[in-house]
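Inspection log for the structure reproduced underneath, given as structure tokens.
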Amino acid sequence: MSDIVKCSECSTEVKQGYIFSPRRICWSESADSIYADFGSEVLVKDSILKMSKIPAIKCEGCNLVTFKYK
């Protein structure tokens, strides 16, 4: 059995790693620009002192990053 993970978009082998940000990561169903993210769904909270890293996979073929939030 193989442990190779393939991209859901292009079937290229993905790299496993971690995603992190000093700022929150939010979700919106609208492409419109906003001035503030109040009321948006927060997927990853702001870091206070130390940034948490979230397991993720990255496809270098189509630039897709996938991670589970919360």
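No experiment lies behind these values; they were computed from the predicted model shown.
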Can you name the closest pair of heavy atoms from Glu9 and Leu64 and give their distance? CG-CD2, 3.5 Å
Measuring from atom CD of Gln16 to atom CD1 of Ile4, what distance do you get when rounded to the nearest 0.5 angstrom? 10.5 Å
Kindly give the heavy-atom pair with the smallest separation between Ile54 and Lys68, and that separation in Å. CG2-O, 3.2 Å
Checking Ser47 side chain against Leu49 main chain: does a donor-acceptor pair fall under 3.5 Å? no
Distance-minimising heavy-atom pair for Asp32 and Ser30: N-OG, 3.1 Å
Check whether Phe67 and Val42 end up in the same hydrophobic cluster, where Ile, Leu, Val, Met, Phe, Trp and Tyr are linked by side-chain heavy atoms less than 4.5 Å apart. no
May I ask whether Trp27 and Phe38 are part of the same hydrophobic cluster, defined by side-chain heavy atoms of I, L, V, M, F, W, Y residues being less than 4.5 angstrom apart, directly or through others? no
Between Lys15 and Glu60 (salt bridge meaning N to carboxylate O under 4.0 Å), is one present in this structure? yes
Which residue pairs pass the salt bridge (Lys or Arg N to Asp or Glu O under 4.0 Å) test when at least one of the two sits in residues 41-50, sequence neighbours left out? Arg24-Asp46
Write down the atom of Cys59, the atom of Cys62, and the distance for their closest heavy-atom approach. SG-N, 3.4 Å
Over all heavy atoms of both residues, which pair between Val14 and Lys6 is shortest? Give the atoms and the distance, please. CG1-C, 4.1 Å
Treat each ILVMFWY residue as a node, draw an edge where side-chain heavy atoms are under 4.5 Å apart, and state whether Tyr18 and Val65 are in one component. no
In this structure, would Ile25 and Met51 fall into the same cluster of hydrophobic residues linked by side-chain contacts under 4.5 Å? no
Distance check, rounded to the nearest 0.5 Å: Asn63 atom CG versus Lys58 atom NZ? 8.5 Å
